[in-house]
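First comes the structure, then the notes that go with it.
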Amino acid sequence: MAGTLPRLTSCARARTWFRSRLRLPYRVRDYDTGDRTGTMTSQEIRQQFIEFFREREHEIVPSSPVVPHDDPTLMFANAGMNQFKPYFLGTETAKRPRAADTQKCIRAGGKHNDLDDVGRDTYHHTFFEMLGNWSFGDYFKKEAIRWAWELLTEKWGIEKDRLHATYFEGDASEGLDPDTEARDLWLEILPPERVHPGNKKDNFWEMGDTGPCGPCSELHVDLTPDKSGASLVNGDDARVIELWNLVFIQFNRAADGRLSPLPAKHVDTGMGFERLCAILNGKKSNYDTDVFAPLFAAIQKRCSAPDYTGTLPSDSTDPSAPQVMVDVAYRVIADHVRCLTFALTDGAIPSNEGRGYVLRRILRRAVRYGRQYFGMQEPFLCDLVPAIIEQMGDSFPELTKRPDHVIELIRDEEASFGKTLTRGIQLFNDAADTAVKQHDGLISGADAFKLHDTYGFPIDLTQLMAEERDLHIDIGEYERLMEEARRQARSGTKLNPEFQHLQLKSGVAFPILETDDAPKHEGLTCAGSILGWLKDGEVISTPALGKDDTAGLILSQTSFYAEQGGQVGDVGTIKTESGVFAVESTIRVYDMLLHVGRVQSGLIKNDQPASCLVAPVRSHTMQNHTSTHVLNWALREVLGENVQQKGSLVDPEKTRFDFSHNKPVAADELRRIESLVNEQVTADHQVHTQEVDQKQALEINTLRAVFGEKYPDVVRVVSIGADIDEMLADPKNEKWMQYSVEFCGGTHLQKTAEAEDFVLIAEEAVAKGVRRLVGISGPAAKEARSKGESLLAECPSQEDVNLAERLSALQTELESAVIPITKRLEIRDLLGEVQKTIKAQSKQAATAAAGDVMTRAQELLDSAQFVGDTKIIVGEVPQANTDALRGAVDWFRQKTESSAVLLACHDGEKVTLLAGMSKDLIAKGTKAGDLIREIAPIVGGKGGGRPDMAQGGGSKPEAIGAAIEGATAWLVERIGG
RNA sequence: GGGGGCGUAGCUCAGUUGGGAGAGCGUCGCGUUCGCAAUGCGAAGGUCGAGAGUUCGAGUCUCUUCGCCUCCA
């Protein structure tokens with residue numbers, strides 16, 4: 001599959017090239033009939049947008065990944081401005097004042113989750129492109145408005161009298177005046193009846209609760225036949241739709257809610273690409289454009305589906321008519337597979353949490369539609385990926401890099417959902433049967449909830465399946481269970497209650513007390529002074545903190561490391577002349593370092609000099625952190641360049657490193673990785689750190705940056721063994737490849753030998769395609785080694801006695817022991833062999849014993865007395881066990897017409913009794929269980945069982961004789977009498 | 001991070017107050033058949049994920065742990 005791609009994409013490239021030479025004229029004609037044969041391809045539209053702004057001195061930037069690795073507040077890129085956020089926030093300055101691009105966006109998580117709308121109308125998408133142009137403190141409203149107008153009307157020929165503009169009408173409660181500047185600019189172009197004021201909701205844009213914001217101005221297109229849609233602007237009507245949003249960022253909202261003018265004013269615009277393509281080609285639906293046409297063709301071919309006719313549930317008298325649902329399925333599948341292809345290409349993976357979970361839900365929705373309306377039982381979404389790559393690979397070259405990987409991920413996910421679906425359908429059928437028989441066609445809320453909770457069946461699917469069988473669901477009960485589950489999940493995530501008040505109150509102003517934490521790299525102590533503390537959600541400095549008060553203490557200077565980059569926050573103590581504060585963890589909020597903990601003794605007052613004492617365990621953290629870097633390097637050496645860091649955690653006990661690798665790391669690979677790390681430790685390399693310009697640092701060939709992570713312009717480089725200046729002077733020299741170089745702000749050893757030793761103690765999967773290694777260093781590593789050796793020495797050899805007991809003891813110990821993973825694997829193999837021996841031995845013993853038991857059984861049968869027609873077989877069988885006695889009872893049953901049996905054996909103090917009764921006796925009311933209950937107390941125990949076979953036991957072997965006599969007497973009386 | 005579910009033969013799964021580990025498919029052997037398909041009879045195949053506990057007795061109950069699935073945050 002991959003082999004054919006380059007050829008296909010180059011075809012597409014040639015086509016674009018050819019078209020661009022032709023300079024075909026485009027004119028938009030009639031929106032009403034839609035009979036215009038579209039002449040502008042989406043490729044061309046995208047290209048012309050880019051060119052238009054390139055000609056106006058905009059830097060054309062590539063789309064940022066749709067999966068942001070550097071912004072934890074954002075699940076997916078959802079607007080063009082995401083990658084420029086630092087410029088608006090003022091944390092970075094733009095290198096060029098103007099930019100334009102097309103940004104890949106996904107909207108599917110979030111609060112207003114409109115996933116269920118996608119496919120049911122003409123314009124909702126989970127994945128879409130956003131065209132945008134930006135000014136960072138450069139041009140403002142005038143140019144933005146004029147260019148938007150020029151591009152739409154002059155270049156693309158949209159009829160001028162179909163365009164409406166909106167501007168911000170002002171808001172008294174915020175003290176904001178109307179945006180007359182924008183209004184007047186529009187009035188120069190448009191007649192007053194097509195320039196509309198808009199309220200704060202529609203025409204004032206904010207990034208978040210705080211930060212840059214400003215009025216916006218939107219261009220709307222009137223698609224009504226007679227251009228009468230003026231009253232429908234901002235009316236949420238499909239006939240008059242928003243096309244281009246121009247945001248003028250000119251205010252900053254502070255934490256107290258007040259707005260202040262920004263010194264630098266910015267422009268941020270966004271125009272939905274798919275919608276634009278539809279409008280320029282006179283199509284009513286985004287799905288009727290060539291953005292989707294090739295994909296629809298691929299779907300039809302792969303699914304042998306009926307033709308796509310473009311009907312919608314909303315304009316049909318029967319919203320669930322077969323053809324309508326077929327058309328919905330086309331749109332759902334096309335949209336979702338686009339979304340998945342882009343998200344997986346950018347490094348996301350379907351999983352059971354976070355954004356991975358959103359993707360899983362999207363995939364499942366598509367699979368369900370495919371199953372239900374196209375009858376697809378096998379994975380099929382994966383087969384649609386090449387069509388997308390062929391179509392979009394030119395504009396988004398990243399798609400062509402690892403298509404196989406994306407296809408495989410989708411196929412696996414589809415296959416595993418297929419299994420869940422089959423299981424769920426079974427459960428549904430059971431639930432439906434119960435509903436029909438017992439509840440008058442009402443499926444219980446509990447069943448619906450279980451389908452959702454355990455099998456991942458969304459409620460709408462369950463409802464659909466119910467409707468097919470003319471059943472209903474107890475929705476009220478379902479909702480109640482759902483809410484309960486939500487509540488439970490929430491209550492589980494609360495912070496340590498002691499520190500809950502340390503959450504900053506939102507919307508309340510607070511001073512930012514900046515902390516200088518440079519000393520963290522110098523040592524474990526430093527002197528600073530108290531600036532204040534965070535308590536009850538507020539940053540304050542009075543009154544003093546008394547004994548046992550909990551707070552987040554803020555110092556002017558500190559040697560504590562705040563949790564960042566995988567390294568945990570430090571613990572320790574802070575002393576002043578009047579008190580001692582125990583620090584339990586350290587976190588960063590903005591530029592404040594919060595020393596979270598409690599006052600141990602005395603008082604802590606503001607402005608006091610304070611000395612920081614970081615707990616000595618930090619040195620173990622440093623050993624582990626430096627080892628982590630070497631490990632990262634060793635992984636590349638052993639497993640190859642494909643190893644990408646996926647996350648890490650470094651604390652005093654261990655280092656936990658997650659990386660992309662799609663199969664378990666083999667035992668010999670583990671050994672090599674471990675010994676490579678130790679070679680570097682023994683070599684006692686100097687650990688170099690230096691602040692370097694990011695671009696320059698990226699030149700270094702061996703540098704390992706986290707894929708997709710966004711770094712500041714000046715980064716701290718940590719090199720193990722190689723001088724950083726030398727590397728910068730000759731960044732491409734092959735010899736650097738033998739050293740570890742990373743961007744890192746963490747605390748490190750000065751020389752690698754200080755790590756002492758390194759041992760891998762675990763290897764496991766965390767997600768599909770992601771493995772996790774856990775390593776330890778220092779004294780803990782040495783201890784693990786010797787523990788491993790001693791456990792290995794304890795392994796029994798085949799000849800040893802009491803194999804079974806020793807094995808069980810060793811397994812228990814092995815489970816909790818911290819030993820090298822390589823040693824663990826070795827021991828596991830060894831014990832596996834031992835296990836086989838044990839099995840063979842016990843089988844042999846069983847067959848031998850069976851022979852003895854049969855001899856004894858024959859004796860008992862021969863000496864048995866008759867009571868009427870029934871044989872009374874009672875006696876002791878030495879050297880037997882429960883299974884052997886059962887075998888004997890079965891044998892007697894075959895040998896005799898009618899029999900009552902009681903056998904006994906003992907192993908040390910433990911007595912086992914077994915009783916059997918033939919059917920005729922049971923019919924007469926003599927049951928094996930009764931016999932056992934009667935006899936077991938004689939040997940000091942009890943028992944029971946079924947009428948034909950019962951079992952009991954006790955602890956008095958010396959009473960077996962008495963028990964047998966008792967049994968004989970009981971049987972003779974019952975049967976004889 | 002929290003909740004729920006599952007783990008039994010090579011595969012798909014049953015297993016009801018705790019009381020002899022099962023079915024179907026597959027495998028192997030033997031029949032019917034010239035042979036195949038089909039079919040009849042028979043057999044092999046299990047540390048019931050692992051470890052502890054309760055019990056006279058645990059696939060079943062309790063706890064711990066591993067793996068997978070799933071929902072919520």
Side-chain angles (χ1 to χ4, degrees), chain A residues 75 109 350-354 357-358 360-361 364 413 416-424 426-427 446 448-459 478 481-496 664 762 764-768 803-804 807-816 824 828 831-832 834-843 881-891 893 904-907 909-916 927-929 932-933 935-957 963:
Chain A
M75 203 174 253
S351 74
N352 58 354
E353 55 188 23
Y357 182 54
V358 172
R360 175 168 282 175
R361 274 176 14 213
R364 290 178 169 195
E413 186 67 22
S416 77
F417 182 48
K419 281 187 208 158
T420 309
L421 211 54
T422 309
R423 278 205 299 271
Q426 256 169 32
L427 184 99
F449 177 74
K450 189 176 180 186
L451 275 166
H452 164 83
D453 187 63
T454 304
Y455 295 94
F457 273 40
I459 187 66
Y478 167 83
L481 290 165
M482 198 62 202
E483 187 44 46
E484 199 173 310
R486 263 194 277 268
R487 198 171 41 75
Q488 214 164 15
R490 263 197 301 270
S491 67
T493 52
K494 62 181 171 213
L495 291 168
N496 182 346
E764 62 200 2
V766 277
K768 186 156 181 57
L803 271 183
L807 182 74
S808 157
L810 201 58
Q811 271 174 336
T812 314
E813 207 181 341
L814 192 63
E815 196 151 285
S816 58
R824 185 182 295 274
R828 195 175 294 168
L831 294 187
V834 172
Q835 192 120 47
K836 273 186 197 159
T837 312
I838 292 171
K839 220 168 117 185
Q841 279 176 358
S842 68
K843 255 192 175 163
N881 59 24
T882 317
D883 278 338
L885 293 186
R886 268 196 200 113
V889 170
D890 275 343
W891 186 72
R893 199 168 302 182
C905 67
H906 73 96
D907 178 16
E909 291 295 292
K910 220 177 97 172
V911 180
T912 302
L913 300 173
L914 204 82
K927 295 177 190 156
I932 284 290
R933 268 185 288 276
I935 302 307
I938 300 175
V939 291
K942 49 188 174 173
R946 305 175 318 185
D948 65 324
M949 168 86 70
Q951 186 189 338
S955 52
K956 290 193 279 189

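Because the structure is predicted, anything quoted here is derived from the model rather than measured. Note on naming: letters A, B, ... go to the chains in the order of the sequence lines (proteins, then strands), and numbering restarts at 1 for each one.
- For the P atom pair drawn from B:rA43 and B:rC61, the interatomic distance equals 32 Å after rounding to whole Å.
- By the 4.5 Å heavy-atom criterion applied to side chains, A:V889 and A:M949 are counted as neighbours.
- Counting non-hydrogen atoms under 4.0 angstrom, A:R933 reaches nothing in the nucleic acid.
- Here the separation of B:rU60 from B:rG53, taken at their P atoms, is 14 Å to the nearest Å.
- The partner of B:rU39, taking Watson-Crick or G-U wobble pairs whose two distances both stay under 3.5 Å, is B:rG31.
- For the P atoms, the distance from B:rG51 to B:rG4 is 25 Å, rounded to whole Å.
- Here the side chains of A:K927 and A:D948 are not in contact, with every heavy-atom distance at 4.5 Å or above.
- With rounding to whole Å, A:H452 atom NE2 is found 11 Å from B:rG4 atom C1'.
- By the salt bridge (Lys or Arg N to Asp or Glu O under 4.0 Å) test, A:D907 pairs with no residue at all, sequence neighbours left out.
- When each of A:G887 and A:L451 is assigned the nucleotide of RNA chain B bearing its nearest heavy atom, the one mapping closer to the 5' terminus is A:G887.
- Looking only at side-chain heavy atoms (C-beta outward), A:T882 and A:Q951 come within less than 4.5 Å of each other.
- For the pair A:R360 CZ and B:rC68 P, the computed distance is 12 Å after rounding to whole Å.
- Under the Watson-Crick or G-U wobble criterion, with both distances below 3.5 Å, B:rG46 has no partner in any strand shown.
- The partner of B:rA23, taking Watson-Crick or G-U wobble pairs whose two distances both stay under 3.5 Å, is B:rU12.
- Comparing the C1' positions of B:rA23 and B:rG46 gives an interatomic distance of 15 Å, to the nearest angstrom.
- As rounded to the nearest Å, B:rC6 and B:rG22 have P atoms that lie 23 Å from one another.
- B:rG67 and B:rC6 make up a base pair, with Watson-Crick or G-U wobble contacts both under 3.5 Å.
- Inter-residue side-chain proximity for A:R886 and A:L914 is flagged as met; some heavy-atom pair is nearer than 4.5 Å.
- The separation of B:rU8 from B:rC68, taken at their C1' atoms, amounts to 16 Å, rounded to a whole angstrom.
- Between B:rG24 and B:rA9, the two P atoms lie 16 Å apart (nearest whole Å).
- Look at the C1' atom in both B:rG5 and B:rA44: the space between them is 34 Å, to the nearest Å.
- Base pairing annotation: B:rG59 forms no Watson-Crick or G-U wobble pair, as no partner gives both donor-acceptor distances under 3.5 Å.
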In residues 937-944 of chain A, what donor-acceptor pairs under 3.5 Å come from side-chain atoms, sequence neighbours left out?
none

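- Side-chain contact check for A:K956 versus A:E909: every heavy-atom pair is 4.5 Å or farther apart.
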Find every protein N or O atom lying less than 3.5 Å from an N or O atom of nucleotides 56-58 of chain B, and list the pairs.
from: B:rC56; atom 1: N1; to: A:K942; atom 2: O; distance (Å): 3.0

